[in-house]
Amino acid sequence: MLRIKSILENKQPGESLEICGWVRTRRDSKHGFSFIELNDGSCMKNLQIVVDNDVPGYEESIKLVTTGASVKITGTVKESPGKGQRIELQATHLEVLGISDPESFPLQKKKHSFEYLREIAHLRPRSNTFGAIARVRNAASAAIHNFFQENGFLNIQTPIITTSDCEGAGEMFHVTTLDLARLAQAKTEIDYSQDFFGKPASLTVSGQLEAEIFATSLGPCYTFGPTFRAENSNTTRHLAEFWMVEPEVPFADLDDNMRLAEDFIKYVISHVLKSCQEDMEFFNLRIDKTVLETLHHILDHEFKRVSYTDAIEILTSAKKKWEYPVEWGHDLQSEHERYLTEEHFKKPIILHDYPRSIKPFYMRCNEDGKTVRAMDVLVPRIGEIIGGSQREERLDTLEGRMKECNLDPQEYWWYTDLRKYGTVPHSGFGLGFERLIQLLTGMQNIRDCIPFPRTPKNAEF
RNA sequence: UCCCCUGUAGCUCAGCUGGUAGAGCAAGCGACUGUUAAUCGCUGGGUCGUAGGUUCAAGUCCUACCGGGGGAGCCA
C-alpha cells in the first residue's frame with residue numbers, strides 16, 4: 001500500500017497512483033472543484049488532492065468528504081501551483097469508504113486541549129500531536145532494541161505475573177481467580193491455596209530479578225515490557241501501567257553501569273532526532289520551544305557524575321530556601337533534584353552512592369557501611385528517568401541486607417542461589433519508557449505519552 | 001493519600017458585589033475564492049457536573065459527593 005510519506009518524498013508529476021486515508025479538511029470552490037487534505041498517518045504532512053467536478057459521482061460524493069471520513073482516491077501527480085506543497089494529486093476517481101458525521105465527529109479542525117483528547121483516546125491518534133507521539137514512540141522503541149542488539153545484549157521476556165510479593169517497593173496489583181464477591185461476605189481468612197497459583201500472585205513491578213538470572217547465565221541481557229504499580233499516584237509523571245527497559249550486565253560495576261546508561265540515552269535521542277525530523281520540528285514549534293535545544297544539549301555534554309554525599313553538600317551550601325530540609329540520610333525531594341539538574345549543573349546528572357537505609361536490599365553495599373552502589377539519572381524537567389545499581393553479589397551480605405529490610409531470604413531462594421553458584425559482580429538499571437517519551441517530545445503529561453493511559457480511576461479503552 | 005485550582009453550548013472560555021445565560025471557534029445553509037488554521041453573511045444549539053441547603057430570587061453563596069487539572073509524597 002502506497003503511503004503519503006513516500007508520495008511526498010519520491011513521486012514526480014505525471015505518475016498515477018491510488019491512495020487511502022482520512023480527510024482532515026475539505027475546501028470547496030464553486031467554480032467546480034474541491035481541495036481535500038488527506039492524512040494516512042505515515043507522516044505529519046497531508047497530501048493535497050484536487051477533485052474536479054467531472055470526476056465520476058462528484059456531486060454526491062464530495063458532500064460526504066468531511067473531516068474524519070475515510071476515502072480511496074486514484075489520480076495523477078501534478079506539480080502544485082499553490083504554495084505550501086511541492087506536489088498534489090489530481091483525482092480521477094473518488095470513493096468514500098466511511099462517512100464521518102460532521103455534527104458529531106469529536107475532532108474538529110481546531111486545537112483541542114490534551115484533557116479533552118484524553119477522553120477520546122480512540123480518536124486522538126488522528127490528531128497531529130498524537131500521530132507524532134506514536135511515531136516517536138515507535139522510533140524510540142526501535143532504537144532501544146537496536147542499541148542493545150548492536151551491543152550483543154539478549155532480549156529476555158520476563159514474567160508479567162509474579163508470586164514474589166516483594167520484588168521491590170511499590171503497591172502491587174493482585175491477580176486472582178477467587179470469587180471476590182463471595183469472599184467479601186465470608187469473613188474468613190483467604191485461603192490462597194485455593195487460588196489459581198496456590199499462593200498470592202501479582203502483576204510485576206519489575207523484571208530485574210529474573211533478568212539477573214539470564215545475565216548471570218548468558219551475558220548482557222535486557223527486558224522491555226509492561227510494568228504495573230498500584231500506587232495511588234496522581235502526577236504528570238506516573239502511570240499505573242507503563243513500559244520499562246531493564247538491562248542487566250554481568251562482570252560490570254557501577255561505573256560501567258553509568259556509562260551504559262549515558263550511551264544508551266544518547267543513542268536513542270540521536271536516533272529519534274534523525275528518523276523523526278518532521279515530528280520533532282512539530283514538537284519544537286507547537287509543544288515545547290526548547291525541546292530540540294534540550295536534546296542537542298544532552299547529546300553534546302557528559303552526564304555529570306555526582307555522589308549523593310557531594311549533592312547534599314551542594315544543596316546545603318546553595319542559597320535557597322528548601323521546603324524540605326536537606327539532610328544526609330534522607331532521600332532527595334523533587335525540589336532538590338530539580339535544582340541540581342536544572343539550575344546547578346544545567347544538564348543530566350547521575351547521582352550515585354546513596355545511603356543504604358533508603359535503598360532496596362539488592363543494591364551492593366560499600367565498604368563504608370553507610371552507602372550502596374545505587375545510581376539515578378536525573379534530567380531537567382522530568383527528574384528521575386533511570387534508576388539502577390550494582391547488585392549485591394556476596395551471599396552473606398545479601399542475606400544480611402534482606403533481614404535488615406524485614407525480608408525472608410527463604411522467599412528469594414532462587415535469587416540467593418545465583419550468589420551461591422558462580423556469583424559475579426553485575427549491574428543494571430530501569431528506564432521508564434514513557435518518561436523518555438516525555439523528554440523526547442516535550443509533552444508535559446505522561447498520560448499523553450502512552451496510547452491508553454492507566455491511572456487511578458481511569459482505565460477506559 | 002494530602003494541598004490548591006476547576007467543572008457554563010460540540011470545543012475553548014466570559015458571566016463583576018445573587019435577579020432565570022453570552023463570545024470565539026466548530027457545525028448547517030448561502031456568497032466568494034487555486035484553496036491551504038481560507039474569508040464574509042445567516043441559522044440552529046445550553047434543565048450552567050450531581051444532590052441537598054440559604055434566599056422572594058442562585059450559573060453566581062454554603063455543604064457533600066463525582067469528574068478534570070496542577071503541586072507534593074511514592075517512584076520509572
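Worth saying up front: this structure is predicted, and the values here are computed from it rather than measured. Labels below follow one simple rule: chain letters A, B, ... track the order of the sequence lines, proteins then strands, and each chain is numbered from 1. All values below were derived from every heavy atom in this structure, side-chain atoms included, with hydrogens, water molecules and symmetry-related copies excluded.
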Heavy atoms only, 4.0 Å cut-off, all strands: where does [X] land among base, sugar-phosphate and nothing?
{"X": "A:Arg118", "value": "sugar-phosphate"}
{"X": "A:Glu115", "value": "sugar-phosphate"}
{"X": "A:Ile385", "value": "sugar-phosphate"}
{"X": "A:Pro81", "value": "base"}
{"X": "A:His238", "value": "base"}
{"X": "A:Gln438", "value": "nothing"}
{"X": "A:Glu37", "value": "base"}
{"X": "A:Gln333", "value": "sugar-phosphate"}
{"X": "A:Leu436", "value": "nothing"}
{"X": "A:Lys45", "value": "nothing"}
{"X": "A:Ser113", "value": "sugar-phosphate"}
{"X": "A:Gly387", "value": "sugar-phosphate"}
{"X": "A:Arg24", "value": "nothing"}

| task | Measure the distance between the ring centre of A:Phe242 and the centre of the six-membered base ring of B:A76, then answer whether it is under 5.5 Å with planes under 30°. | result |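 Given the distance and angle limits, yes, they stack.
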OP1 or OP2 of [N] sitting under 4.0 Å from any side-chain N/O of [X]?
{"X": "A:Thr227", "N": "B:A76", "value": "no"}
{"X": "A:Asn445", "N": "B:G70", "value": "yes"}
{"X": "A:Thr236", "N": "B:G71", "value": "yes"}
{"X": "A:Arg27", "N": "B:A38", "value": "yes"}
{"X": "A:Ser334", "N": "B:G73", "value": "yes"}

With under 30° as parallel and over 60° as perpendicular, where do the rings of [X] and [Y] fit, or are they tilted in between?
{"X": "A:His112", "Y": "A:Tyr116", "value": "tilted"}
{"X": "A:Phe130", "Y": "A:Phe114", "value": "perpendicular"}
{"X": "A:Phe173", "Y": "A:Phe228", "value": "perpendicular"}
{"X": "A:Tyr354", "Y": "A:Tyr308", "value": "tilted"}
{"X": "A:Phe224", "Y": "A:Trp243", "value": "perpendicular"}

Using Watson-Crick or G-U wobble geometry with both distances under 3.5 Å, which nucleotide pairs with [N]?
{"N": "B:A51", "result": "B:U63"}
{"N": "B:A72", "result": "B:U1"}
{"N": "B:A23", "result": "B:U12"}
{"N": "B:G30", "result": "B:C40"}

Taking [M] as the reference, what is the distance to [N] when you measure between their [atom1] atoms (whole Å, please)?
{"N": "B:U6", "M": "B:G15", "atom1": "P", "answer": "11 Å"}
{"N": "B:G45", "M": "B:C25", "atom1": "C1'", "answer": "14 Å"}
{"N": "B:G46", "M": "B:A9", "atom1": "C1'", "answer": "5 Å"}
{"N": "B:A57", "M": "B:G52", "atom1": "P", "answer": "16 Å"}
{"N": "B:C5", "M": "B:A51", "atom1": "C1'", "answer": "23 Å"}
{"N": "B:C16", "M": "B:A21", "atom1": "P", "answer": "14 Å"}
{"N": "B:G59", "M": "B:G19", "atom1": "P", "answer": "10 Å"}
{"N": "B:G73", "M": "B:G67", "atom1": "P", "answer": "24 Å"}

Minimum-distance nucleotide (side-chain atoms of [X] versus [options]):
{"X": "A:Tyr324", "options": "B:G73, B:G28, B:U35", "value": "B:G73"}
{"X": "A:Lys78", "options": "B:G34, B:C74, B:C11", "value": "B:G34"}
{"X": "A:Pro102", "options": "B:G34, B:G28, B:G67", "value": "B:G28"}
{"X": "A:Arg229", "options": "B:G67, B:C74, B:C75", "value": "B:C75"}
{"X": "A:Arg435", "options": "B:G34, B:U1, B:C75", "value": "B:C75"}
{"X": "A:Ser233", "options": "B:G73, B:A76, B:C75", "value": "B:G73"}

Nearest-Å distance for atom pair [atom1]/[atom2], residues [X] and [N]:
{"X": "A:Phe173", "N": "B:C75", "atom1": "CZ", "atom2": "P", "value": "17 Å"}
{"X": "A:Met172", "N": "B:C75", "atom1": "CE", "atom2": "P", "value": "15 Å"}
{"X": "A:Glu323", "N": "B:C3", "atom1": "CD", "atom2": "P", "value": "14 Å"}
{"X": "A:Asn46", "N": "B:A38", "atom1": "CG", "atom2": "P", "value": "11 Å"}
{"X": "A:Glu335", "N": "B:G70", "atom1": "CD", "atom2": "C1'", "value": "17 Å"}
{"X": "A:Phe33", "N": "B:C32", "atom1": "CZ", "atom2": "C1'", "value": "12 Å"}
{"X": "A:Arg26", "N": "B:U33", "atom1": "CZ", "atom2": "C1'", "value": "15 Å"}
{"X": "A:Leu332", "N": "B:C75", "atom1": "CG", "atom2": "P", "value": "12 Å"}

| note | For A:Glu278, the salt bridge (charged side-chain N to carboxylate O under 4.0 Å, His left out) test, sequence neighbours excluded, returns A:Lys45
Is the base of [N] touched by the side chain of [X] through a donor-acceptor pair closer than 3.5 angstrom?
{"X": "A:Asp28", "N": "B:U35", "answer": "no"}
{"X": "A:Gln444", "N": "B:G70", "answer": "no"}
{"X": "A:Gln85", "N": "B:U35", "answer": "yes"}
{"X": "A:Lys83", "N": "B:G34", "answer": "no"}

| request: Taking only heavy atoms on the protein side, list every residue of residues 131-139 of chain A lying under 4.0 Å from any atom of RNA chain B, sorted numerically. | output: none
| field | Nearest atoms (heavy-atom pairs only) where A:Arg26 meets A:Ser34 | value |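 Shortest heavy-atom contact: CG-CB, 4.4 Å.
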State whether the number of non-hydrogen atoms from other residues, nucleotides or ligands found under 6.0 Å of [X] atom [atom1] is greater than 12.
{"X": "A:His122", "atom1": "NE2", "value": "yes"}
{"X": "A:Glu302", "atom1": "CD", "value": "no"}
{"X": "A:Arg286", "atom1": "CZ", "value": "no"}

| query | Going by heavy atoms in the side chains, are A:Arg124 and A:Asp448 under 4.5 Å from each other? | reply | yes
| request: May I ask you to test the A:Leu398-A:Tyr415 pair for a side-chain heavy-atom distance under 4.5 Å? | output: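 SC-SC contact between A:Leu398 and A:Tyr415 confirmed.
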